[in-house]
There are 2 protein chains.
Amino acid sequence: MFSQTVEYALRAVVYLAAEAPAARTTAQMAETTKVPKDYLAKIVQGLARAGLVRTQRGVGGGVVLAKDPAAVTILDVVNAVEPIRRITACPLGLKAHGVRLCPLHKRMDNALAAVEEAFRATTLAEVLAEPTDSVPLCDGPRPERLTVRGKGAG
Amino acid sequence: MFSQTVEYALRAVVYLAAEAPAARTTAQMAETTKVPKDYLAKIVQGLARAGLVRTQRGVGGGVVLAKDPAAVTILDVVNAVEPIRRITACPLGLKAHGVRLCPLHKRMDNALAAVEEAFRATTLAEVLAEPTDSVPLCDGPRPERLTVRGKGAG
DNA sequence: AGGAAAAAGGACTTGCAGGTCCGATTTACG
DNA sequence: CGTAAATCGGACCTGCAAGTCCTTTTTCCT
C-alpha cells in the first residue's frame, strides 16, 4: 500500500528528528534505519529538494533536519517523496459529470482523505514523544552524537 | 496509492452489480468500464477464484456476480485482487519489541486500518443506490440486457 | 458432428520502482 | 595545496505490475 520509498523516507526523517539538531551522514542513517545506502542517498536528495532536510558536502558534512520536529508532519514527508494523489476527476475520462465523482470513486477518494488526515495529524515530535517503552524505529541504542557545525541546524 | 488492478477490479464488480443478476462478457465489461480487455480477463479470473463472481464458458456464457450486491463490500473486492497488508511487525526486522510496533509504524498501520474500515463500510449495493444524478462508473446509458441462463445467477 | 462464442491460460513485451555502482564535485583541515 | 570525507549525479541492473497476443478448451446451437 505504501511504497518502499515512502517507508524509507519516513525512517530516515524520524531518525534525523531523533538526532536533531545534529547532522548525520547518509551512511550512518542507512545503517541505523536499515535502508540500502545508495538508494537512501537518492531519497535524501528528494527530501532536500522539498526543503525538509539540509545537506552539506565534504568532510564533516551530512544531513540535518531543516525544521523543528514539531513542525513536520508525516504527511509532509510522504508528500515530499511520493505525493498522495487524491481522486479529483473520473478516472474513466468521461467528462459527463464535470467535477462530481461517481459514488465508487467518491468512496475511494474518501479513503485517501482518511490517510491524508491521519498523516497530517502527526508530527515527528509526537512520534518521538510517544510515552512508551518502545522507541522509534524499533531500535534501542543510539550511536554517540556528532557535533553539528554552525552552518546547519543549530 | 491504489494499484491499477484494484481500480479495474472495482470498476468491473460495480458494473456487474449494476447489471446483476444478468451475465456480461468480459468484452462488454471491458468496453463499458474502459479496462483493457485481455487484462480484465485475468482480473476476472482472480475474482472468480475468490468466489466473488462466477464465470461460464462457451456461447451465451460470461461473468456474473456470485452474491447479492448488498453482501459484497469494497474491501471484499480489494482483498480478492490485492489484499491490504496491515503492518503487524516491525519492518526493520528487529525482534526487540515482539508484537509491539514502534510509534512510526503504529501510525502507518492506523492509516491502513482507516482505509480498511472505509472500504469495509460500503457495499456494492450502497454504491449503486447513491441518491444522486451521478450514476456509478461515471457512465450514463447502459447496453441492453442479455438474458441470463439458469445455470448462473438467477 | 460442426461451427461459433466465450473463458482459460501461456508466452511475451514494456515501463517503472527499487536498487547498485562508480566517478565527479564540493568541502574541511593540516 | 593535497588528501580525505562527504554529497551529487549519471549509468546501469533487476523484478514486477501492467498490458498484449495467440492458442486451447469449454459450451451452445443448428
Side-chain angles (χ1 to χ4, degrees), chain A residues 1-12 16 22-31 33-50 52-66 78 80-83 85 91 146-152, chain B residues 1-12 16 22-31 33-50 52-66 78 81-83 85 91 146-153:
Chain A
M1 192 80 174
F2 303 118
S3 72
Q4 272 303 99
T5 303
V6 162
E7 163 78 27
Y8 290 165
L10 283 170
R11 283 191 215 170
L16 286 178
R24 286 283 177 258
T25 67
T26 54
Q28 288 173 320
M29 297 168 63
E31 172 159 28
T33 61
K34 303 267 198 301
V35 174
K37 178 178 166 305
D38 292 294
Y39 191 57
L40 176 61
K42 312 273 187 193
I43 296 174
V44 165
Q45 287 181 44
L47 295 173
R49 265 181 250 116
L52 282 182
V53 303
R54 275 194 297 266
T55 59
Q56 178 75 13
R57 285 186 175 185
V59 177
V63 187
V64 70
L65 199 65
V78 172
V81 295
E82 193 185 287
R85 286 189 310 193
L146 287 186
T147 55
V148 64
R149 287 154 308 124
K151 181 175 177 180
Chain B
M1 192 80 175
F2 303 117
S3 72
Q4 274 302 100
T5 303
V6 162
E7 162 78 28
Y8 291 165
L10 283 170
R11 283 191 215 170
L16 285 179
R24 287 282 176 260
T25 67
T26 55
Q28 289 173 320
M29 296 168 64
E31 171 159 27
T33 61
K34 303 266 198 300
V35 173
K37 177 177 167 308
D38 293 295
Y39 191 57
L40 175 61
K42 314 273 188 192
I43 296 174
V44 165
Q45 287 181 46
L47 295 173
R49 264 181 252 117
L52 283 181
V53 303
R54 275 194 297 266
T55 58
Q56 178 76 10
R57 287 184 175 187
V59 178
V63 188
V64 71
L65 199 64
V78 171
V81 294
E82 193 185 286
R85 287 189 310 193
L146 287 185
T147 54
V148 64
R149 288 154 307 125
K151 182 176 177 177

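So that the names make sense, note that chain A is the first sequence line, chain B the second, and so on, each numbered from 1.
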_Value rounded to 0.5 Å, distance of CZ in A:Arg49 from OG1 in A:Thr55_ = 10.5 Å
*A:Leu40 CG to C:dC21 C1': how many Å, rounded?*
16 Å
*Please state how far atom CZ in B:Phe2 lies from atom C1' in D:dA17, giving the value in whole angstrom units.*
17 Å
*Within the structure, does a side-chain N or O atom of B:Thr25 lie under 4.0 Å from either OP1 or OP2 of C:dA6?*
no
*asked:* Distance check needed: C:dA6 P versus B:Gln45 CD, whole Å only.
replied: 17 Å
*Among the candidates C:dA7, D:dT27, C:dA28, find the nucleotide nearest to the side-chain atoms of A:Gln56.*
C:dA28
Can you name the atoms? Protein N/O to nucleotides 19-23 of chain D N/O, anything below 3.5 Å, with the distance.
residue: D:dG19; atom: OP1; partner: B:Tyr8; partner atom: OH; Å: 3.2
residue: D:dG19; atom: OP2; partner: B:Tyr8; partner atom: OH; Å: 3.1

*Drop me the distance from B:Leu65's CG to B:Arg24's CZ, to the nearest 0.5 angstrom.*
13.0 Å
_Side-chain-base donor-acceptor pair under 3.5 Å for A:Arg57 and C:dT26_ = no
*asked:* Nearest whole Å is fine: how far is D:dA17 P from B:Ile43 CD1?
replied: 12 Å
*D:dC8 P sits how many Å from A:Leu47 CG, rounded?*
11 Å
*asked:* Does D:dC8 have its OP1 or OP2 closer than 4.0 Å to a side-chain nitrogen or oxygen of A:Thr55?
replied: yes
*Nearest-angstrom distance from the residue atom CE of A:Met29 to C1' of D:dA6*: 13 Å
_Is a donor from one side chain sitting under 3.5 angstrom from an acceptor on the other, for A:Thr5 and A:Glu82?_
no
List every contact pair, protein side and nucleotides 12-16 of chain C side both N or O, where the distance is under 3.5 Å.
none

*Could you state the atom-to-atom distance from CZ of A:Arg54 to P of C:dT26 in whole Å?*
20 Å
*Verify side-chain contact (heavy atoms from CB on, under 4.5 Å) between A:Leu16 and A:Met29, making sure each step is shown before the conclusion.*
CA-CA 8 Å; A:Leu16 286 178; A:Met29 297 168 63; 3.8 Å; yes
*Partner set under side chain to side chain donor-acceptor pair (under 3.5 Å) for A:Glu31, not counting sequence neighbours*: none
*Starting from the 5' end of DNA chain C, give me the residue, A:Gly58 or B:Ala41, whose nearest nucleotide shows up first.*
B:Ala41
*Rounded to the nearest 0.5 Å, how far apart are NZ of A:Lys42 and NZ of A:Lys37?*
11.0 Å
